[in-house]
Amino acid sequence: MLTCAVLILLISSQSNGVKVDVKVVDSHSQIGQGQSGLYRPGANKLTASRDPGPLCAHSDLAQIVGKCYDIEVSEYKYAVCPFHNITQHEVALKWNAYHGILGIWSHWSYDNLYSKFAHGHYTDGDTCTKNDKTILRTALLHHTCGKRTRVVSVGEPDTCAYNITLESPLFCHSVFSDVYNALPENERKEFAMSTLEFKHNVLTDEGLKVERRKILDRIGCLNMKKEFKDLEECEKEYNDLIKEHKDLEEKCSSEADENKYDELQNKYDELKRVVAESGLVFPDDL
């Protein structure tokens, strides 16, 4: 593949409120070199809006942290840097070729009982327009067994939301997919106890989920922040909670009602915290 380094043009663009210097021409010989931090083909410089989340996986998976694996689909090259970020680079040689961040490592999703890791979530990518609304790009990374570590597919099932599959020999063994094996030693005992109690019908399905969520929350491996598709969805839930909160406050008379009121109050406080962290401001009608 030819190395293109004839014309370099510096431009400034805006990404998540962060000024980004982008060099248009991409040196293809640099791609896939396993750089740590943000993946930068050639001289392209991208700036992330935040640091990646914690690994929250078996320590042996750290061997692919700091490495990047790429695939070229149509006119784009996608670079997956596990547990760091996922980027997209337009390989067409034109003055406004796109180079951007699709997502930064955020968290895992789990199976129904929090026994196994399911998919990796990469959030807070570059801004994108969907139905005349500005949203942030996101990517869902699927992990499958393969003879070597490589990206096998990329799709965009919804605008600015990407599905990417990474295969590796590391994902062929349950030791890497079982949550238990990723826990610190001091948390494994409680995890094993919850499994035992569940098998002997001491814990219900819901009780098992609660106990395991507590463990994952303690070690920072549970995504507690609710994510909204857009501002409109956030505003709707906020207003619905305010209305339900007021209705319960007016008719709260029994202990059961009071318990429900307290539960709703906690949900309301959590939503306010999320809204504040997102930099949004709503009038407090309570």
Side-chain angles (χ1 to χ4, degrees), residues 1-5 7-9 11 13 15-16 20 22-49 52 64-106 109 118-131 134-172 229:
M1 183 177 293
L2 295 176
T3 298
C4 301
L7 177 63
I8 297 179
L9 176 64
I11 65 173
S13 64
S15 173
N16 295 336
V20 179
V22 178
K23 291 185 179 181
V24 170
V25 178
D26 162 352
S27 175
H28 296 292
S29 63
Q30 298 295 317
I31 293 177
Q33 297 303 307
Q35 303 141 327
S36 60
L38 267 180
Y39 181 78
R40 295 187 283 259
N44 291 311
K45 181 179 180 181
L46 301 173
T47 303
S49 60
I64 60 174
V65 175
K67 297 180 180 179
C68 300
Y69 307 90
D70 58 80
I71 185 174
E72 192 166 322
V73 179
S74 187
E75 296 184 347
Y76 292 94
K77 188 173 288 288
Y78 299 84
V80 175
C81 305
F83 308 108
H84 272 256
N85 54 73
I86 298 174
T87 55
Q88 182 187 47
H89 309 272
E90 191 171 9
V91 296
L93 295 180
K94 56 184 182 180
W95 73 270
N96 63 339
Y98 175 77
H99 302 280
I101 301 171
L102 302 187
I104 305 164
W105 168 248
S106 175
S109 56
H119 312 297
H121 293 256
Y122 292 71
T123 62
D124 300 316
D126 288 348
T127 56
C128 176
T129 302
K130 177 182 178 181
N131 299 328
T134 299
I135 61 174
L136 297 179
R137 300 174 194 267
T138 62
L140 188 65
L141 189 63
H142 305 265
H143 306 84
T144 61
C145 174
K147 292 183 178 180
R148 62 188 179 91
T149 304
R150 66 187 184 115
V151 183
V152 293
S153 67
V154 175
E156 188 178 358
D158 197 11
T159 304
C160 303
Y162 303 83
N163 273 348
I164 302 175
T165 300
L166 179 72
E167 70 174 24
S168 172
L170 292 173
F171 308 136
C172 296
K229 291 186 298 184

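No side-chain heavy atom of Trp105 sits less than 4.5 Å from a side-chain heavy atom of Val65. A heavy-atom distance below 4.5 Å is not found between the side chains of His119 and Leu141. Using a 4.5 Å cut-off on side-chain heavy atoms (C-beta onward), Tyr122 and Ile164 make no contact. The shortest side-chain heavy-atom distance between Leu102 and Asp126 does not fall under the 4.5 Å cut-off. Put simply, the side chain of Asn163 reaches to within 4.5 Å of the side chain of His142, judged on heavy atoms.
For Thr144, there are no side-chain hydrogen bond (donor to acceptor under 3.5 Å, both in side chains) partners, not counting sequence neighbours.
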Donor-acceptor pairs under 3.5 angstrom involving side-chain atoms of residues 149-162: please list them, not counting sequence neighbours.
{"residue": "Thr149", "atom": "OG1", "partner": "Ser168", "partner atom": "OG", "Å": "2.8"}
{"residue": "Arg150", "atom": "NE", "partner": "Glu167", "partner atom": "OE2", "Å": "2.8"}
{"residue": "Arg150", "atom": "NH2", "partner": "Glu167", "partner atom": "OE2", "Å": "3.3"}
{"residue": "Ser153", "atom": "OG", "partner": "Thr165", "partner atom": "OG1", "Å": "3.2"}
{"residue": "Glu156", "atom": "OE2", "partner": "Cys160", "partner atom": "N", "Å": "2.8"}
{"residue": "Asp158", "atom": "OD1", "partner": "Lys130", "partner atom": "NZ", "Å": "3.3"}
{"residue": "Asp158", "atom": "OD2", "partner": "Lys130", "partner atom": "NZ", "Å": "2.7"}
{"residue": "Tyr162", "atom": "OH", "partner": "Arg137", "partner atom": "NH1", "Å": "2.9"}

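One distance of note links CD1 of Ile71 with OH of Tyr76; it measures 15.5 Å at 0.5 Å rounding. A distance of 7.0 Å separates OG1 of Thr47 from CD1 of Ile101, quoted to the nearest 0.5 Å. The CD1 atom of Ile135 sits 9.5 Å away from the OG1 atom of Thr127 when rounded to the nearest 0.5 Å. Atoms CG and SG, from Leu166 and Cys81 in turn, are 10.5 Å apart once rounded to the nearest 0.5 Å. In this structure, CG on Leu46 lies 11.0 Å from CD on Gln88, to the nearest 0.5 angstrom.
Of all non-hydrogen atoms in Gly146 and Cys172, the two that sit nearest each other are N-SG, 3.6 Å. For Pro52 against Ile104, the heavy-atom pair with the smallest separation is CA-CG2, 3.8 Å.
The aromatic rings of His143 and Phe83 lie parallel to each other, with less than 30° between the two planes, well short of the 60° mark.
Using modelled atom types, no side-chain atom of Glu90 and backbone atom of Ala97 make a donor-acceptor pair closer than 3.5 Å.
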